[in-house]
Asker: 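Take this structure, written in structure tokens, and hold onto it; I'll ask about it next.
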Amino acid sequence: MKEELIRIENGRFQHGGGDYRFEIEIAQGECIGVYMDEHLYAGTAYLGIFSGTTAIRAGKAFACGRRIQISEMGRWIRQNSVIVNKHRFLSKELTAWDYVIALGKKMSRAQAKEADKRISSETSRCIHKQMGIDFGWEKKLTELSMLEYYKLAIYKAWFVKSKMIVLDRITEILRRKDLEEFMDCVQILLQRGIAVFLLDMDEEFMYRYANRVDVVKNRKFCYRLYPGEYDERLYEILGWERRSGVPERTDIGIKQQGAIVLTVSDLQFESMAPLSFQIRSGEIAFLRDENYNTVSQIRDCFLGERGWLSGSFCLGGTYYDRNTLRKRLGRDIGIQIEMPDRKGGILLDNMTALDNLSNSLIPKAGKHLIRKRIVNNILDEASEWFEKEDLLRPICEWSLPQRLRLSYYKWYLTNPMLLICLFPFAGQEPLYHEMIIEMLVTCAKRGMAIWIISSGIDAICEKTENTEFLERLRYLNE
């Protein structure tokens, strides 16, 4: 029997005004999956325990078989765990050596010298080789692919003698073909007694690698599933229906190709390969972004102060520079971020849904039309999609799926030539994926060119039954 590493019984903490229950039981060399019914909020809250932004207020705590004060548990976790998630160092100066040595635990000069000696040892070289790390220690972090960066993070966990690793939604970031190679590196640490938590929404991924799956429902650890209870049991607990039949990804593009809406030629951003592609009317084009570098540059270009270095951006037959392009935002170009009511989103949560829709459509209609008549027309049309009473309420009172649907519906009414979606599925429960897909298809049917930038949607494509989405989908950089 494996030796117990950490256990928390009846743990309690607060986050964002909500009460959470937190229970852990994991042994050395064990891999546990944690599946949450609302990962966007609960997942962030639970991750805060490991990152040190949230404190456990009550419960019994045990570390390595020894009872400790619950107030000490947060410190113990931070000192003995490594988190691997979407965040990475983007410093132009830091090298792989800096990441492992200089950014590790605080060391004296003698300890640093010993660490430098250890990183060149035969044991270190063996682990290096087993993990398939084929780059030198002098390589800059910004030059690493996401897979290489994550391998380095796993190596670092071994090097600094961490006792456990937390992998947060790794399936949303790595390519499917890279995921298996990455998990091979994780297995090396499991064999050496390091424990692993998988916080993820891809049940098939967790079923493959986890010794047990803990299900968090209504912000509580409610169930623990063991291999014999996998498959339908999870869906039964959450009250979801598992889809039958998985349509093949066609990758054939829309049957009747529309006119070219966007042409990007050798568009160069800092620390990125040049972008060159075209997107047609009614097409859903997907650009894979492994390390959040592309999406951050594109977001800053449209919503911030950064422009591109060289190349051309041609929309609807007109070439734009950054300054003139920004003037087309909201009319000819729509920007959809993963959370529409966050800063930089398209919804204002202190306004009613009707006002959110009207404020974007009335300027487009022209001054000669009577505002009251336009508002009434919008209310009538939107009532076919949403309850009329809801449209007259502030959207801060709406649920997340309602707000998401409203944000896409706003673009459906505005009908820009190009809709850019930045990580539209990131952090969303699988229950909402079909709604997002449906709204993307609805917008594409109006003739918009849809440009999705995300880390990966392979698993989403495999599960969806929306064949029209698959027919309209085209991969830009594969």
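Quick caveat: nothing in here was measured; it's all calculated off a predicted structure.
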Asker: Could you list the residues that satisfy side chain to side chain contact (heavy atoms under 4.5 Å, CB included) with Ser51, not counting sequence neighbours?
Answerer: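 Partners of Ser51 under the side chain to side chain contact (heavy atoms under 4.5 Å, CB included) test: Thr53, Ile83.
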Asker: Hey, is the main chain of Pro416 close enough, under 3.5 Å, to the side chain of Thr414 for a donor-acceptor pair?
Answerer: no
Asker: Going by heavy atoms in the side chains, are Ile101 and Phe159 under 4.5 Å from each other?
Answerer: yes
Asker: According to side chain to side chain contact (heavy atoms under 4.5 Å, CB included), who are the partners of Val295, at least two apart in sequence or on a separate chain?
Answerer: Asp289, Tyr292, Leu422, Phe423, Ile453
Asker: I would like to know whether Ile436 and Leu440 meet side chain to side chain contact (heavy atoms under 4.5 Å, CB included); could you show each step before the answer?
Answerer: CA-CA 6 Å; Ile436 296 172; Leu440 288 171; 4.1 Å; yes
Asker: Could you grab the distance from atom CD of Gln297 to atom CZ of Phe269, nearest 0.5 Å is fine?
Answerer: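 Reported to 0.5 Å precision, the distance equals 6.5 Å.
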Asker: So which heavy atom on Leu47 is nearest to which on Leu199, and how close?
Answerer: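 Looking at all heavy atoms of both residues, the shortest contact is CD1-CD2, 4.3 Å.
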Asker: Hey, are the side chains of Gln187 and Tyr209 touching, using non-hydrogen atoms and a 4.5 Å cut-off?
Answerer: yes
Asker: Take His128 and Trp137, measure what side chain to side chain contact (heavy atoms under 4.5 Å, CB included) needs, and give me the verdict at the end.
Answerer: CA-CA 11 Å; His128 212 252; Trp137 293 115; 3.5 Å; yes
Asker: Say you draw a straight line from CG of Leu174 to CG of Leu167; how long is it, rounded to the nearest 0.5 Å?
Answerer: 9.5 Å
Asker: State, yes or no, whether a side-chain contact exists between Leu189 and Val196 at a heavy-atom distance under 4.5 Å.
Answerer: no
Asker: Going by the rule side chain to side chain donor-acceptor pair (under 3.5 Å), which residues pair with Thr95 if we only count those two or more places apart in sequence or in a different chain?
Answerer: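 Partners of Thr95 under the side chain to side chain donor-acceptor pair (under 3.5 Å) test: Asp98.
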Asker: Looking only at non-hydrogen atoms, find the nearest pair between Leu357 and Ile378 and report the distance.
Answerer: CB-CG2, 3.9 Å
Asker: One pair to check against side chain to side chain contact (heavy atoms under 4.5 Å, CB included): Met417 and Leu315. What are the steps and the verdict?
Answerer: CA-CA 8 Å; Met417 285 193 287; Leu315 180 67; 3.8 Å; yes
Asker: Classify the angle between the aromatic ring planes of Phe182 and Tyr150 as parallel (below 30°), tilted (30 to 60°) or perpendicular (above 60°).
Answerer: tilted
Asker: Identify the heavy atoms of Gly33 and Ala210 that sit nearest to each other, and give their distance.
Answerer: N-CB, 3.5 Å
Asker: Given side chains that start at C-beta, do those of Glu381 and Tyr409 come closer than 4.5 Å, heavy atoms only?
Answerer: yes
Asker: Give every residue pair that meets the salt bridge (Lys or Arg N to Asp or Glu O under 4.0 Å) criterion with at least one member in residues 263-278, sequence neighbours excluded.
Answerer: Lys92-Glu270
Asker: Just jot down the salt bridge (Lys or Arg N to Asp or Glu O under 4.0 Å) partners of Arg328, sequence neighbours excluded, or say none.
Answerer: Asp332
Asker: Taking only residues two or more places apart in sequence, or in another chain, which ones meet Tyr155 in a side chain to side chain donor-acceptor pair (under 3.5 Å)?
Answerer: Ser124
Asker: In chain order, what residues pass the salt bridge (Lys or Arg N to Asp or Glu O under 4.0 Å) check against Lys140, with sequence neighbours excluded?
Answerer: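 Applying salt bridge (Lys or Arg N to Asp or Glu O under 4.0 Å) to Lys140 gives none.
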Asker: From Phe50 CZ over to Met164 CE, what is the distance, rounded to the nearest 0.5 angstrom?
Answerer: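 These two atoms lie 5.5 Å from each other.
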Asker: Should Arg474 and Arg280 count as side-chain neighbours, where that means a heavy-atom distance under 4.5 Å?
Answerer: no
Asker: Could you grab the distance from atom CD of Glu434 to atom CD1 of Ile460, nearest 0.5 Å is fine?
Answerer: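 Reported to 0.5 Å precision, the distance equals 9.5 Å.
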Asker: Give every donor-acceptor pair under 3.5 Å between a side-chain atom in residues 385-393 and any protein atom, sequence neighbours left out.
Answerer:
from: Asp390; atom 1: OD1; to: Arg393; atom 2: NE; distance (Å): 3.2
from: Asp390; atom 1: OD1; to: Arg393; atom 2: NH2; distance (Å): 2.8
from: Asp390; atom 1: OD2; to: Gln402; atom 2: NE2; distance (Å): 3.4
from: Arg393; atom 1: NH1; to: Glu397; atom 2: OE1; distance (Å): 3.1

Asker: What are the two closest heavy atoms between Glu283 and Arg472, and how far apart are they?
Answerer: CG-O, 3.7 Å
Asker: Applying side chain to side chain donor-acceptor pair (under 3.5 Å), can you list everything that pairs with Asp321, at least two apart in sequence or on another chain?
Answerer: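 Here the qualifying residues are Thr324.
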Asker: Taking side chain as C-beta onward, heavy atoms only, is Tyr408 less than 4.5 Å from Thr442?
Answerer: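 No, side chains not in contact.
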Asker: Taking the side chain as every heavy atom from C-beta outward, state whether Gln336 and Ser407 have any atom pair closer than 4.5 Å.
Answerer: yes
Asker: Measure the spacing between CE of Met183 and CG of Asp178 and express it to the nearest 0.5 Å.
Answerer: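 Reported value, rounded in 0.5 Å steps: 13.5 Å.
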Asker: Would you check if the side chain of Asn356 reaches a backbone N or O of Thr352 as a donor-acceptor pair within less than 3.5 Å?
Answerer: yes
Asker: Could you walk me through whether Asp214 and Val216 pass side chain to side chain contact (heavy atoms under 4.5 Å, CB included), step by step?
Answerer: CA-CA 7 Å; Asp214 290 348; Val216 179; 5.7 Å; no
Asker: Restricting to non-hydrogen atoms, name the atom on Ser358 and the atom on Val375 that form the minimum distance, rounded to 0.1 Å.
Answerer: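 Taking every non-hydrogen atom into account, OG-CG2, 3.8 Å.
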Asker: Among Leu190, Val186, Ile154, which residue satisfies the side-chain contact (heavy atoms from CB on, under 4.5 Å) criterion with Ile165?
Answerer: Ile154
Asker: Return the CD1 to CG distance between Ile395 and Leu406, rounded to the nearest 0.5 Å.
Answerer: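 If I round to the nearest 0.5 Å, the distance is 6.5 Å.
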Asker: Holding to salt bridge (Lys or Arg N to Asp or Glu O under 4.0 Å), I want the full list of residues that pass it with Glu180, two or more places apart in sequence or in another chain.
Answerer: Arg208
Asker: Evaluate Tyr149 against Phe135 for ring pair (Phe, Tyr, Trp, His ring centres under 6.0 Å), listing each step before the verdict.
Answerer: CA-CA 11 Å; Tyr149 183 84; Phe135 51 86; 9.9 Å; no
Asker: Please tabulate, for the side chains in residues 443-452, all donor-acceptor contacts under 3.5 angstrom to protein atoms that are two or more places apart in sequence or on a different chain.
Answerer:
from: Arg446; atom 1: NH1; to: Tyr412; atom 2: O; distance (Å): 2.4

Asker: Would Phe313 and Tyr320 count as a ring pair (Phe, Tyr, Trp, His ring centres under 6.0 Å) here? Give the steps.
Answerer: CA-CA 6 Å; Phe313 189 103; Tyr320 291 93; 7.2 Å; no
Asker: Taking all non-hydrogen atoms of both residues into account, name the closest pair between Ser162 and Ser81 and its distance.
Answerer: OG-C, 4.3 Å
Asker: Does a side-chain heavy-atom distance below 4.5 Å link Met435 with Leu404?
Answerer: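 Met435 vs Leu404: side chains touch.
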Asker: Checking Glu181 now: which residues fulfil side chain to side chain donor-acceptor pair (under 3.5 Å) with it, not counting sequence neighbours?
Answerer: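 Lys151.
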